S.K.: 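My structure is below; once you've seen it, I'll send some questions.
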Amino acid sequence: MNDRQDTTDADGERPARRDFIRSMIEEDLAAGRNGGVVQTRFPPEPNGYLHIGHGKAIALNFAIAREYGGRCNLRFDDTNPAAEEDEFVEAIQEDIRWLGYRWDGEVRFTSSYFETLYRWAEGLIRKGVAYVCDLSPEETRQMRGTITSPGQNSPYRDRTPEENLELFRRMRAGEFEDGACTLRAKIDMASPNLNLRDPVLYRILRARHHRTGDAWCIYPMYDWAHGQSDAIEGVTHSLCSLEFENHRPLYDWFLDHIDLEPGAPRPRQTEFARLNLTYTVLAKRQLRRLVEEGHVSGWDDPRMPTIRGLRRRGYTPTAVRTFLEGVGVAKFNSTVDMVVLENALREEQNRLAERRMAVLRPIELVIENYPEDGEEFLEAHNNPEDEGAGTREVPFSRTLFIERSDFRESAPRKYHRLAPGKEVRLRYAYYVTCTGFDTDPETGEVVRVRCTYDPETRGGDSADGRKVRGTIHWVSARHAFTAPVRLYDHLFSVPNPMDVPEGGDLLDHLNPASLEVLENAKLEPALRELAPGTLVQFERHGYFCLDTVDSSPGSPVFHRAVALRDSWAKLEKKLGAKPSGSGGAP
RNA sequence: UACCCCGUGGUGUAAUUGGCAACACAACUGGUUUUGGUCCAGUCAUUCCAGGUUCAAGUCCUGGCGGGGUAACCA
């Protein structure tokens, strides 16, 4: 678990880019703070699956530790047994490892520090800065005041340390009902920072904890547990998201009031903006809703922004990391365009993925001058970007399938594909010229395209040097196999789904076309041997893989991880948008 | 209505800490191309506004304006 040998990145490299956090760390280093040590941590609560937003925090913490020769712990912040489960402890570790990050030493748990935390709490009581309060949750809330008005002191605020100590021990011993009392810090009920209005340190809660079982019936609150756990682990830089900014004074207050080892590093909290992505949501609550209400197939649905969803979708750890480490970090709440994530995959896979031919929406193409029973095998490059990927043989015959969209009864302007009288290249095969097409007498729909081929152009080159503008992909009807192919699109149809008009619902923005299943895709034979999860490029379409969940031997299911850029679609849209009067052919 | 944080191209981040606003993505032009992919070249910002300090301000000061966060015995 703590091995580092398969960490993909080299250790100790200085960051190529600087941000306010790295600048601060370098300042600390220059000033000789913390004895030149940099230590971070990733502190998830084990109450759900990780998503790409967590990925940003993971990448930040682990990358910083790596860059400065420091350490990064994985610590489960398990202080609320009512919400946490072992299942998530396992899943979270798996996801972090999949991303390619390795934490230092053993996995940590805040629950391992319960005893130390408890002792420190008694210390606060002895110093007279913590007290047992018998107010009910509702009373506590009411007396805290509001955002614009100060709170009032609890009537239990002035109990003596002796009395508090006894009460606190009885709390731990289980002598009081759940919710009967709390331990609170005695700070300032009039503070403009609500977090300093005598925050609760411990509540009584009889719930079975996933690690400590029934050993405790009092549990520390986040604020009390977090900074102290950082201190215990020697964390120097405690990075968290912006909403904890107002907690920082409390974080520091606790550190000031416990008895830290002299000379021990004092952790410092620094906040950064969490990741937002267009066309999706990154809030645990919303994601859970999508799963529970069945709008997706589960936490690993390829449309989900969860780490598991991305993995199943076909994203590679390096592509995700490239994205994560490239988005930068700042204190400004921003939203990164989903295309940046997609682009990271495309860019990587352009170099790596082998090419195959797949016809997603087939229409028959008959080569009238090709021998009825003819068959030959043509050589195709597996990856034009990588000579080392070699070549393969693709079967060719008289009847092929081509994309429906590669034929038009009459060619619009700038359309370089098949239309009556037009010549195109069949990739790695021959030039063909369209001679006609057949339609269904009932519907008028084109059911077959006819053409003749030029035998002199075998392989896709003509000796006379004539140019064809279009190259289309194809599969041999006799040799191809049929399989379902799923096309995924954004889960939501608007860039910011959280922007819901009054009375509306987030789900109003769900994209009804986020999943399209093509049941009749025709695939070249080489695709039969594709390993599950491996990405290949379907030429002219995008990067696809065999679904790891829904495929079974003999019945493969393919899906698209990300589409190729499609500048024709863009052009066509633009041409179509032009008023018909102005753009007509001469 | 209180307190805290933040405002740099369409988007996300830079700017040697006061010295010609840079990189990536997107968009748009053009070129190459047996993927309308890739690749190559080019275009795209008076740094939220108004004052002030300075030879010089994205950076420092003042005041506005705008956005976000905060009132769990959640994290």
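Letters A, B, ... are given to chains in the order of the sequence lines, protein chains preceding strands, and every chain is numbered from 1. Atoms considered below: every heavy atom in the structure, side chains included; atoms not considered: hydrogens, waters and symmetry mates. Keep in mind it's a predicted model, so treat the numbers as computed, not measured.
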S.K.: With sugar-phosphate meaning primed atoms plus P, OP1 and OP2, does A/Ile472 contact a base, only sugar-phosphate, or nothing at under 4.0 Å between heavy atoms?
M.R.: nothing
S.K.: Which one, B/A72, B/C73, B/G12, comes nearest to the side chain of A/Thr182?
M.R.: B/C73
S.K.: Please measure how far the P atom in B/C60 lies from the corresponding atom in B/G69, and state the result in whole Å.
M.R.: 25 Å
S.K.: What nucleotide among B/A71, B/C6, B/A75 has an atom nearest to a side-chain atom of A/Lys331?
M.R.: B/C6
S.K.: Considering only atom P, compute the distance from B/C48 to B/G10 and round it to an integer number of Å.
M.R.: 12 Å
S.K.: Are any of A/Ser334's side-chain N or O atoms less than 4.0 Å away from OP1 or OP2 of B/U13?
M.R.: yes
S.K.: Under 4.0 Å, heavy atoms only, any strand: does A/Glu385 hit a base, just the sugar-phosphate, or nothing?
M.R.: base
S.K.: Kindly point out which of B/C5, B/A75, B/U35 is positioned nearest to the side chain of A/Arg427?
M.R.: B/U35
S.K.: How close or far is atom P of B/C73 from atom CG of A/Leu250, stated in whole angstroms?
M.R.: 13 Å
S.K.: Whether the A/Glu271 and A/Gln269 side chains hold a donor-acceptor pair (N or O, under 3.5 Å, no angle test) is what I'd like checked.
M.R.: yes
S.K.: Taking OP1 and OP2 of B/G37, is either one under 4.0 Å from a side-chain nitrogen or oxygen of A/Ser567?
M.R.: yes
S.K.: Using the C1' atom in both, what is the distance from B/G67 to B/C49, to the nearest Å?
M.R.: 15 Å
S.K.: Does B/G51 have a Watson-Crick or wobble mate here (both distances under 3.5 Å), and if so which one?
M.R.: B/C61
S.K.: Under a 90° cut-off about 0 for the syn range, is B/U17 syn or anti?
M.R.: syn
S.K.: Would you mind classifying the nucleic acid contact of A/Thr278 as base, sugar-phosphate or nothing, using non-hydrogen atoms under 4.0 angstrom?
M.R.: nothing
S.K.: Using purine N1 to pyrimidine N3 plus N6-O4 or O6-N4 for Watson-Crick, or N1-O2 and O6-N3 for G-U wobble, both under 3.5 Å, which nucleotide pairs with B/U70?
M.R.: B/A2
S.K.: Would you say A/Arg417 reaches B/G36's phosphate, i.e. side-chain N/O to OP1/OP2 under 4.0 Å?
M.R.: no
S.K.: Of all the choices, B/U17, B/C74, B/U13, which nucleotide is nearest to the side chain of A/Met221 once you look at every atom?
M.R.: B/C74
S.K.: On a whole-Å scale, what distance lies between the C1' atoms belonging to B/G66 and B/U32?
M.R.: 47 Å
S.K.: Sticking with atom P, work out how far B/G18 lies from B/A24, rounded to a whole angstrom.
M.R.: 27 Å
S.K.: Whole angstrom is fine here: how far is it from CZ in A/Arg248 over to C1' in B/G69?
M.R.: 13 Å
S.K.: Base, sugar-phosphate alone, or nothing: which one does A/Pro384 contact when heavy atoms must sit under 4.0 Å apart?
M.R.: base
S.K.: Under 4.0 angstrom, heavy atoms only, what part of the nucleic acid is A/Asn350 near: base, sugar-phosphate, or nothing?
M.R.: base
S.K.: In terms of ring plane angle, is the pair A/Phe244 and A/His247 parallel, tilted or perpendicular, where the classes change at 30° and 60°?
M.R.: perpendicular
S.K.: Report the distance from atom CG of A/Asp178 to atom P of B/A72, rounded to the nearest whole Å.
M.R.: 20 Å
S.K.: Counting the atoms with a prime plus P, OP1 and OP2 as sugar-phosphate, which does A/Leu135 contact under 4.0 Å by heavy atoms, base, sugar-phosphate, or nothing?
M.R.: base
S.K.: Can a salt bridge be assigned to the pair A/Glu233 and A/Arg108 using a cut-off of 4.0 Å between side-chain N and carboxylate O?
M.R.: no
S.K.: Pick out which of A/Lys422, A/Arg427, A/Arg425, A/Arg417 makes a salt bridge (charged side-chain N to carboxylate O under 4.0 Å, His left out) with A/Asp406.
M.R.: A/Arg417
S.K.: So, under a plain 3.5 Å distance rule, would you say the side chain of A/Arg469 forms a donor-acceptor pair with the base of B/G36?
M.R.: no
S.K.: Which residue lies toward the 5' end of RNA chain B, A/Asp78 or A/Glu27, if each is placed at its nearest nucleotide?
M.R.: A/Glu27
S.K.: Look at the side chain of A/Ser23 and decide which nucleotide, out of B/C5, B/U17, B/U13, has an atom nearest to it.
M.R.: B/U17
S.K.: Indicate, with a heavy-atom threshold strictly under 4.0 Å, whether A/Phe244 touches base, sugar-phosphate, or nothing.
M.R.: base
S.K.: Pick the nucleotide of RNA chain B nearest each of A/Asn193 and A/Asp566; which residue has the one closer to the 5' end?
M.R.: A/Asn193
S.K.: Is the NZ or CZ atom of A/Arg172 positioned over A/Trp216's six-membered ring, under 6.0 angstrom from the centre and within 45° of the axis?
M.R.: yes
S.K.: Would you call the rings of A/His541 and A/Phe544 parallel, tilted or perpendicular if under 30° counts as parallel and over 60° as perpendicular?
M.R.: perpendicular
S.K.: Under 4.0 Å: is that the gap between some side-chain N or O of A/Arg203 and OP1 or OP2 of B/C74?
M.R.: yes
S.K.: Check step by step if side-chain hydrogen bond (donor to acceptor under 3.5 Å, both in side chains) holds for A/Tyr131 and A/Asp198.
M.R.: CA-CA 9 Å; A/Tyr131 63 96; A/Asp198 290 12; 2.6 Å; yes
S.K.: May I ask you to say what A/Arg144 touches in the nucleic acid, namely base, sugar-phosphate or nothing, with a heavy-atom cut-off under 4.0 Å?
M.R.: sugar-phosphate
S.K.: Taking B/U43 as the reference, what is the distance to B/G9 when you measure between their C1' atoms (whole Å, please)?
M.R.: 13 Å
S.K.: Would B/A72 be called syn or anti, given that syn covers angles within 90° of 0?
M.R.: syn
S.K.: Considering every strand and a 4.0 Å limit on heavy-atom distances, what is the contact class for A/Asn246: base, sugar-phosphate, or nothing?
M.R.: base
S.K.: For the side chain of A/Glu84, starting at C-beta, report the closest nucleotide among B/A75, B/C6, B/C25.
M.R.: B/A75
S.K.: Between A/Lys570 and B/C28, is there a contact of a side-chain N or O with OP1 or OP2 at under 4.0 Å?
M.R.: yes
S.K.: When all nucleic acid strands are considered with a 4.0 Å heavy-atom cut-off, which category describes A/Thr140: base, sugar-phosphate, or nothing?
M.R.: base
S.K.: How about A/Tyr431 and A/Tyr453: are their ring centres within less than 6.0 Å of each other?
M.R.: no
S.K.: Using a cut-off of 4.0 Å on non-hydrogen atoms, how would the nucleic acid contact of A/Asn47 be classed: base, sugar-phosphate, or nothing?
M.R.: nothing
S.K.: Quick one: which of B/C73, B/G12, B/A2 gets closest to the side chain of A/Thr148?
M.R.: B/A2
S.K.: State the pairing partner of B/A45; accept Watson-Crick or G-U wobble contacts with both distances under 3.5 Å, and report none otherwise.
M.R.: none
S.K.: Mind checking if A/Thr335 touches a base, just sugar-phosphate, or nothing, with heavy atoms under 4.0 Å?
M.R.: sugar-phosphate
S.K.: Contact class for A/Lys414 vs. all strands (heavy atom < 4.0 Å): base, sugar-phosphate, or nothing?
M.R.: base
S.K.: Taking atom C1' in both B/G42 and B/U47, compute the distance separating them and give it to the nearest angstrom.
M.R.: 24 Å
S.K.: Side chain of A/Leu571: nearest nucleotide among B/U70, B/G36, B/A72?
M.R.: B/G36
S.K.: Closest to the A/Ala330 side chain: B/U35, B/U13, B/C74?
M.R.: B/U13
S.K.: Scan A/Val329 against the nucleic acid and name what it touches under 4.0 Å (heavy atoms): base, sugar-phosphate only, or nothing.
M.R.: sugar-phosphate
S.K.: Rounded to whole Å, how long is the line connecting atom OH of A/Tyr415 with atom C1' of B/G36?
M.R.: 11 Å
S.K.: With rounding to whole Å, what would you report as the distance between B/C44 and B/C25 at their C1' atoms?
M.R.: 14 Å
S.K.: Under 4.0 Å between a Lys/Arg side-chain N and an Asp/Glu carboxylate O for A/Arg540 and A/Glu403?
M.R.: no
S.K.: Does the aromatic ring of A/Trp568 sit over the six-membered base ring of B/G36, closer than 5.5 Å centre to centre and tilted less than 30°?
M.R.: yes
S.K.: So for A/Gln537 and B/U35, does any side-chain atom that can act as donor or acceptor lie under 3.5 Å from a complementary atom in the base?
M.R.: yes
S.K.: Hey, is A/His416 stacking on B/G36? Ring centres under 5.5 Å, planes under 30°.
M.R.: yes
S.K.: If we ignore hydrogens and angles and just use 3.5 Å, is the side chain of A/Ser229 paired with the main-chain N or O of A/Ala225 as donor and acceptor?
M.R.: yes
S.K.: OP1 or OP2 of B/G36 less than 4.0 angstrom from a side-chain nitrogen or oxygen of A/Arg540, does that happen here?
M.R.: yes
